[in-house]
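Heads up: the structure comes next, in structure tokens.
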Amino acid sequence: MEPLLGQVNSPEDIKNLSTKQMKQLADEIRQEIISVVSNTGGHLASSLGAVEIALALHKVFNSPVDKIIWDVGHQSYAHKIVTGRREVFKTLRQQNGISGFPKRSENPHDAFGTGHSGTSISAALGIAKARDIAGEDFDVVAVIGDGALTGGMAFEALNHAGHLKADMIVVVNDNTMSIAKNVGAMGKYLSKLRMEPMYMRVRKDLRKAVKNIPGVGDRLLRAAESMEENLVYMFIPGVIFESMGFTYLGPFDGHDVEKLDEVFRRVKDIPGPRVVHVITQKGKGYIPAERDSIKFHGAVPFHVESGEDRHNGTVPSYTGIFGDTLVRLAKLNPKIVGITAAMPDGTGLVEFSRLFPERFFDVGIAEQHAVTFSAALATQGFRPVFAIYSTFLQRGYDQVIHDVCLQNLPVVFAIDRAGLVGEDGPTHHGVFDISFLRPIPNIVMMAPKDEAELIVMLRTALKYKGPCAIRYPRGRGVGVSLEDIPHEMEIGKGETLNDGNDLAIIAVGSMVYPSVLAAQGLKEFRLGCRVINARFIKPLDEELILNAARDCKVIVTVEENVLTGGFGSAVSELISRNGLTDVCVASLGIPDEFIEHGSLSYLRDKLGLSASGIKDFARDAYNRFLTGKPALSSLE
Ligand SMILES: Cc1ncc(C[n+]2csc(CCOP(=O)(O)OP(=O)(O)O)c2C)c(N)n1
């Protein structure tokens, strides 16, 4: 058989393929995805599960005139390959390469940028209504997983789309998995729909049997039918979608390209909002990913033959240490409860969920609900720990203010992946949390310099009588030893790690160790550099910082967060509030722009957030101070 993939440069190239050729192309695309992702890492299992959906959509619809929107976008690799990115696909998630998510600036077929769950139906609806207002004529399709369908935003959009009777199509890609096993009533409902063909068959057989009972058959059938009126409501395919105003079609085998082709052609001609429900297998076509779709949801580079990771580090991750410590503390305190929004593995809560099933809650991809749910648990004397990635906490902002902080409730936010995350890029960098949490009254916010401090902070947070956030980075700790049961820390106290009176670096979390190295490097220039580990972003250790300002006159702040409203801003505000007009504050952090994807070390180097970057920045700040030039913010 001639290979086909090499000839596919745009969706036009698949329009005339036969079913047999489509199947062959699906196989070739799978091999390409497996081969590239084994090098680059990425969302393997989700993308393998959506190959046929992508091919059939591009065969039937006319992208980019018709708009296809991929929810989360982590399953869009086949879409990328057939929309002119076959040759650059090997650069997936690499610096200057293509993004792991749909991105409008990358390609005209990426109708809407995604990365966070649950946005696709809103986006599709907005585009559909814009089309109607403009009097244009094209199709709009959202592809959303059963996991993403647990999020409030998806329901808000379904509700609105049904109300507007908008012409649009929602393809529900149902594989029963979120990252972990999907949770909740919607997931259960979808699996009921999966059983539907069987139910319909049984119902037909029963009716025949009842009707044939001599003498009473007809009467029995009528009684059965009225009972069925109620029952049927629970079983009619897609009744929930139908009641929301959608026409429901399904369920269909989402790996049967021929069927998908036929269904998409059929659904194209139906007016109004439509749902096409397809059943797929996560990881389809790669045995290790089919067996362990959780591991291969967001895969690190791996060996294709075995599925084993390529790099095995020995130092445990912050996530793992957080999870272990929470388990240890929860054994001592029955009031501790653990909450995740669909990420038990990613946030380190798997062991907790196993040991304390009644004190563990996976709420689905529902961050807003998770925050308010935690607040309510806290009103009843529990100590909720909501473990969440920094980027996803953005979803629950109002709830943090209105439900947790305003009521001063002792919820612990364990903010993982705070700072740059690397290859997932701008949708996932956790670089805003300092700025968005710092202005909220009542909250205490900390950042550990290493894993030993992380566990001390966790203990401290669990003793504190109000809301606490601990932000810690992606990746491994630094390899320091850990206390079995961590001690408590005094709230609002930083520490001095290096003495010096020429200038002072005040660093937060992941930036503390590189700052210590930077200070060592500054000795070469005869500069005595004080290094302070802030530990607390709120409340600040005002005494420690003001003393450093008075002694050194040059203060350099370093953080892995945007400078706008960040830790450096807090220090500047403190210094100006105290009238120290002769002190110069130079702040290093993330500039006011979205940071692209690339390896963590590459991005940190590029932004000067490395030991040598900090050293150069600090030296420059000192020289500027001597020559009377204004201080710089970041690497200008
Ligand atoms: C708001 C938000 N929370 C959490 C995540 C992390 N996340 C990425 S994919 C995913 C599961 C999505 O499941 P589903 O939609 O069923 O797609 P599948 O991977 O199963 O194909 C989660 C929780 C996210 N992207 N956005």
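All ligand and atom numbering here is 1-based and tracks the order in the structure. Note that these values count all heavy atoms, side chains included, but never hydrogens, waters or copies made by symmetry.
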Handout entry: Under 4.0 Å to a heavy atom of G115 - the qualifying atoms of ligand 1, by number
Key = 25 (N)

Problem - Under 3.5 Å side-chain donor-acceptor pair for H597 and S99 - result: no

Practice task
Give yes or no for whether the N/O distance cutoff of 3.5 Å, strictly under, is met between M177 and ligand 1.
Solution key: yes

Exercise for the section: Describe, in one word, how the ring planes of H163 and H160 are oriented to each other, choosing from parallel (under 30°), tilted (30 to 60°) and perpendicular (over 60°). Expected result: parallel

Problem - Protein heavy-atom partner closest to atom 5 (C) of ligand 1 - residue, atom, separation in Å - result: F392 CZ, 3.3 Å

Practice task
May I ask you to check whether F302 and Y286 place their ring centers less than 6.0 Å from one another?
Solution key: yes

Problem - Contacting atoms of ligand 1, where contact means under 4.0 angstrom from a heavy atom of K282 - result: 18 (P), 19 (O), 20 (O)

Exercise for the section: State whether the side chain of N107 and the backbone N or O of T83 hold a donor-acceptor pair below 3.5 Å, judged by distance alone. Expected result: yes

Handout entry: Close N or O approach (S117, ligand 1; < 3.5 Å)
Key = yes

Exercise for the section: Calculate, to the nearest 0.5 Å, the distance between atoms CG and NZ belonging to D146 and K188 respectively. Expected result: 13.5 Å

Exercise for the section: Say whether G151 and ligand 1 are in contact under the criterion: heavy-atom distance to a ligand atom below 4.0 Å. Expected result: no

Problem - Heavy-atom nearest option to atom 11 (C) of ligand 1, drawn from G118, G364, S178 - result: S178

Exercise for the section: For ligand 1, indicate whether the residue H43 contacts it via side chain, backbone, both or neither (heavy-atom separation under 4.0 Å). Expected result: neither

Problem - Within the 6.0 Å centroid threshold, strictly below: Y77 and H43 - result: no

Practice task
Could you tell me how the ring of F241 sits relative to the ring of Y189: parallel (under 30°), tilted (30 to 60°) or perpendicular (over 60°)?
Solution key: tilted

Practice task
Fit a plane to each ring of H428 and F101, take the angle between them on a 0 to 90° scale, and name the class: parallel (under 30°), tilted (30 to 60°) or perpendicular (over 60°).
Solution key: parallel

Problem - H428-ligand 1 polar pair, N/O distance under 3.5 Å - result: no

Problem - Protein heavy atom at shortest distance from atom 23 (C) of ligand 1 - result: I365 CD1, 3.5 Å

Practice task
Specify the protein heavy atom at minimum distance from atom 16 (O) of ligand 1: its residue, its atom name, and the distance to 0.1 Å.
Solution key: G147 N, 2.7 Å

Problem - Residue G145 vicinity, atoms of ligand 1 by number, heavy atom under 4.0 Å - result: 14 (P), 15 (O), 16 (O)

Exercise for the section: For the residue pair S435 and N561, confirm or rule out a side-chain donor-acceptor distance under 3.5 Å. Expected result: yes

Handout entry: Min N/O separation A342 to ligand 1 under 3.5 Å
Key = no

Exercise for the section: Could you tell me whether D110 and R85 make a salt bridge, using a distance below 4.0 angstrom between a side-chain N and a carboxylate O? Expected result: yes

Problem - Salt bridge flag under 4.0 Å for residues E52 and K284 - result: no

Exercise for the section: Show which atoms of ligand 1 fall inside a sub-4.0 Å distance from at least one heavy-atom site of D146. Expected result: 16 (O)

Completion exercise
Taking only non-hydrogen atoms of R395 and a 4.0 Å limit, the atoms of ligand 1 in range are 1 (C)

Problem - Nearest option to atom 10 (C) of ligand 1, as decided by whichever heavy atom of L149, I179, T150, V172 sits closest - result: I179

Exercise for the section: Report yes if N175 has an N/O atom closer than 3.5 Å to an N/O atom of ligand 1; otherwise report no. Expected result: yes

Problem - Single hit among E32, Q31, R30, Q24 for side chain to side chain contact (heavy atoms under 4.5 Å, CB included) with E28 - result: Q24

Problem - Proximal ligand 1 atoms for A148, defined as those under 4.0 Å from one of its heavy atoms - result: 14 (P), 15 (O)

Completion exercise
Test side chain to side chain contact (heavy atoms under 4.5 Å, CB included), reference F264, set I169, V60, D139, L249, output is V60

Handout entry: E367 N/O under 3.5 Å from ligand 1 N/O
Key = yes

Practice task
Check whether any N or O atom of Q75, backbone or side chain, sits under 3.5 Å from an N or O atom of ligand 1, and answer yes or no.
Solution key: no

Handout entry: Contacting atoms of ligand 1, where contact means under 4.0 angstrom from a heavy atom of M343
Key = 6 (C)

Handout entry: Under 4.0 Å to a heavy atom of H74 - the qualifying atoms of ligand 1, by number
Key = 9 (S), 17 (O), 18 (P), 19 (O), 21 (O)

